[in-house]
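Lettering follows sequence order; numbering is per chain, from 1. Just so you know, these numbers come straight off a predicted model, no measurement behind them.
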Amino acid sequence: MLGHCGQTAKSTTRRPTFATRFHNPRTMLQVSVLREQTDRVLAGLAKKHYPTGPEDVAAVLDLDQRRRALQTRHDDAQAEANDLARQIGALMKSGDKAGAEALKIRTTELKQHTKATADELTQVEIGIQQLLYKLPNLPHASVPAGRTAADNEVVREHGAKPDLYAGAQPHWELIKKYDIIDFELGIKVTGAGFPVYKGQGARLQRALINFFLDEARAAGYTEIQPPILVNEASGYGTGQLPDKEGQMYHDAADNLYLIPTAEVPVTNLYRDEIIAVEKLPIRNAAYTPCFRREAGSWGADVRGLNRLHQFDKIEIVQITQPEHSYAALDQMVAHIESLLQKLGLPYRVLRLCGGDMGFTSALTYDLEVWSAAQGRWLEVSSASNFETYQANRLKCRYRAEGGKTQLLHTLNGSALALPRIVAALLENNQTADGIELPEVLHSYCGFGRIG
RNA sequence: AGAGAGGUGGCAGAGUGGUCGAAUGCGACGGUUUCGAAAACCGUUAUACCGGCAACGGUAUCGGGGGUUCGAAUCCCCCCUUCUCUACCA
């Protein structure tokens with residue numbers, strides 16, 4: 001008999017899984033988009049070099065059809081059960097015990113059916129969700145075709161590469177020479193990739209942070225100081241979970257993650273919110289330390305400050321109405337460029353190709369500065385428009401004309417990440433007598449030259 | 001960290017097994033009235049999903065999850081969180 005099913009209930013000491021906590025599918029691409037613009041979706045997935053687009057989209061559409069049929073069936077059964085329950089209540093009240101018992105037979109039977117339908121519905125929803133989690137965002141029309149970094153489009157280049165004097169050195173030598181950043185001490189205290197900034201090195205960090213924050217505020221961004229540990233729901237909200245789990249440091253005791261970027265806590269501020277139109281666009285800037293395990297990253301390119309487990313970054317985040325998001329992206333890039341110009345660093349702006357851009361992005365510009373002693377470009381910022389991809393997970397909406405809620409667009413960019421900026425500042429501005437810092441930093445640092 | 005009390009709609013705040021998606025008040029919006037405004041009066045005022053061209057109908061949601069029951073805001077279990085007292089600390 002099925003009547004004993006209550007006793008087989010599993011122990012409830014286990015944390016509920018993501019799927020049970022968020023019963024409704026929190027999708028990334030919207031099913032409605034897959035359904036209504038199938039061709040566009042398939043073309044977009046192909047441009048991103050997603051291998052199994054046609055199969056996965058067909059599978060989602062198939063499951064979605066089943067989901068809707070099940071939902072209808074389930075709702076109808078529930079409606080009948082609710083109606084019977086009301087009748088039983090009325091019969092009980094009027095003293096007709098026998099009549100009530102008669103109806104209970106039907107309602108008990110109905111319950112078994114609805115339970116089966118509900119379980120199936122949950123399975124189908126989980127299936128849809130798992131497939132959607134696999135699908136990357138669709139690229140914007142302007143994204144160049146291509147597979148690797150070599151296919152990225154150079155949008156523009158600014159500033160002249162400096163000619164270094166004969167004794168010029170890469171930054172990992174300069175930091176030792178002037179004793180401003182100490183990797184050995186970091187290794188002793190923590191491990192590789194956790195540098196210790198000392199004296200003028202520490203003051204330069206603080207100067208850059210203040211400079212970037214002040215510039216962001218002047219450009220209309222509200223400063224936020226968020227937590228640097230986040231919970232699991234936030235990790236899912238911005239898409240670090242489930243796919244990039246291994247890249248974040250995790251505190252198992254409390255199930256919290258150290259943030260890899262301020263994007264995570266700041267964007268999640270707006271999770272499950274319906275934002276009033278008057279408050280749009282949201283413009284936030286936040287300084288935080290960032291933590292990345294960088295599992296599996298080695299090689300010559302990661303020497304010195306090029307790649308760290310802990311570093312400082314100022315992040316800018318915007319949330320806009322869909323029709324304004326690309327103007328906002330241009331504005332963000334312009335702001336980042338203005339920072340690089342004020343610091344006097346030669347840079348270039350890249351539009352990433354379909355194969356090189358991030359999973360969640362619709363359009364990404366990378367900004368790279370010229371590292372004179374290393375003789376190569378270093379990525380110091382990445383600015384992206386996620387359109388509704390993140391907002392769909394976040395349930396971040398506004399009320400459009402006519403009272404309907406509609407997903408917003410989310411964007412973010414680094415403005416800026418410190419280590420590679422420091423590397424370029426040290427290398428590009430070195431002289432025989434020391435390192436001449438750009439004018440704009442003098443008052444922030446309290447000095448104009450290192451050495 | 002220990003003890004106790006709470007978490008209900010935009011806000012305040014009722015509701016301790018049925019007719020409760022939820023009284024009442026405030027706020028907001030629309031209307032009547034007015035030369036205009038205030039006041040008064042009338043009405044509207046959550047989100048998501050399913051069906052429907054639509055009108056509309058159905059389902060779910062009272063911090064989150066699970067359970068008991070024909071039926072749960074209400075009873076039971078777990079988790080989160082707020083307040084008070086104690087302990088501790090910056």
- Item | Closest contact, heavy atoms only, Q318(A) versus P281(A) |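 Smallest interatomic distance, heavy atoms only, reads OE1-CB, 4.2 Å.
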Base partner of [N], which must satisfy Watson-Crick or wobble distances under 3.5 Å:
{"N": "rA90(B)", "answer": "none"}
{"N": "rU61(B)", "answer": "rA46(B)"}
{"N": "rC35(B)", "answer": "none"}
{"N": "rC70(B)", "answer": "rG18(B)"}

Under a 4.0 Å N-O cut-off, is there an ion pair linking [X] with [Y]?
{"X": "D272(A)", "Y": "K395(A)", "answer": "no"}
{"X": "E80(A)", "Y": "R106(A)", "answer": "yes"}
{"X": "R73(A)", "Y": "D76(A)", "answer": "no"}

Figure out the [atom1]/[atom2] separation between [X] and [N], and round it to whole Å.
{"X": "L103(A)", "N": "rU69(B)", "atom1": "CG", "atom2": "P", "answer": "18 Å"}
{"X": "R399(A)", "N": "rA46(B)", "atom1": "CZ", "atom2": "P", "answer": "9 Å"}
{"X": "R271(A)", "N": "rG63(B)", "atom1": "CZ", "atom2": "C1'", "answer": "14 Å"}
{"X": "N231(A)", "N": "rG64(B)", "atom1": "CG", "atom2": "P", "answer": "16 Å"}
{"X": "D272(A)", "N": "rU81(B)", "atom1": "CG", "atom2": "C1'", "answer": "16 Å"}
{"X": "R73(A)", "N": "rG51(B)", "atom1": "CZ", "atom2": "C1'", "answer": "15 Å"}
{"X": "K404(A)", "N": "rU47(B)", "atom1": "NZ", "atom2": "P", "answer": "11 Å"}

- Item | H335(A)/Y221(A) aromatic ring centres below 6.0 Å |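 Ring centroids of H335(A) and Y221(A) are less than 6.0 Å from each other.
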- Base, sugar-phosphate, or nothing: which does I274(A) touch, judged by heavy atoms less than 4.0 Å apart? sugar-phosphate
- Message: By the 4.0 Å heavy-atom rule, please label I88(A) as base, sugar-phosphate, or nothing.
- Response: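 Result for I88(A) = base.
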Under-4.0 Å side-chain N/O to phosphate OP1/OP2 contact, [X] with [N]:
{"X": "R67(A)", "N": "rC50(B)", "result": "yes"}
{"X": "R68(A)", "N": "rC49(B)", "result": "no"}
{"X": "T107(A)", "N": "rG71(B)", "result": "no"}

- Query: Should the pair F291(A) and Y249(A) be assigned to parallel (<30°), tilted (30 to 60°) or perpendicular (>60°) ring geometry?
  - Reply: perpendicular
- Item | Nearest-angstrom distance, P atom, rA12(B) to rC83(B) | 14 Å
- Query: Starting at the 5' end of RNA chain B and moving along, which residue's nearest nucleotide shows up first, A85(A) or D64(A)?
  - Reply: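 Per heavy-atom nearest nucleotide, the more 5' residue is A85(A).
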Between the protein and nucleotides 56-62 of chain B, which nitrogen or oxygen pairs are less than 3.5 angstrom apart?
{"unit_1": "rG58(B)", "atom_1": "N2", "unit_2": "D75(A)", "atom_2": "OD2", "d": "2.9"}
{"unit_1": "rU59(B)", "atom_1": "OP1", "unit_2": "N82(A)", "atom_2": "ND2", "d": "3.4"}
{"unit_1": "rU59(B)", "atom_1": "O2'", "unit_2": "D75(A)", "atom_2": "OD1", "d": "3.2"}
{"unit_1": "rA60(B)", "atom_1": "OP1", "unit_2": "Q78(A)", "atom_2": "OE1", "d": "3.4"}
{"unit_1": "rA60(B)", "atom_1": "OP2", "unit_2": "N82(A)", "atom_2": "ND2", "d": "3.4"}

- Query: Within the distance-only criterion (no hydrogens, no angle test), does the side chain of R35(A) pair as donor or acceptor with the backbone N or O of L61(A) below 3.5 angstrom?
  - Reply: no
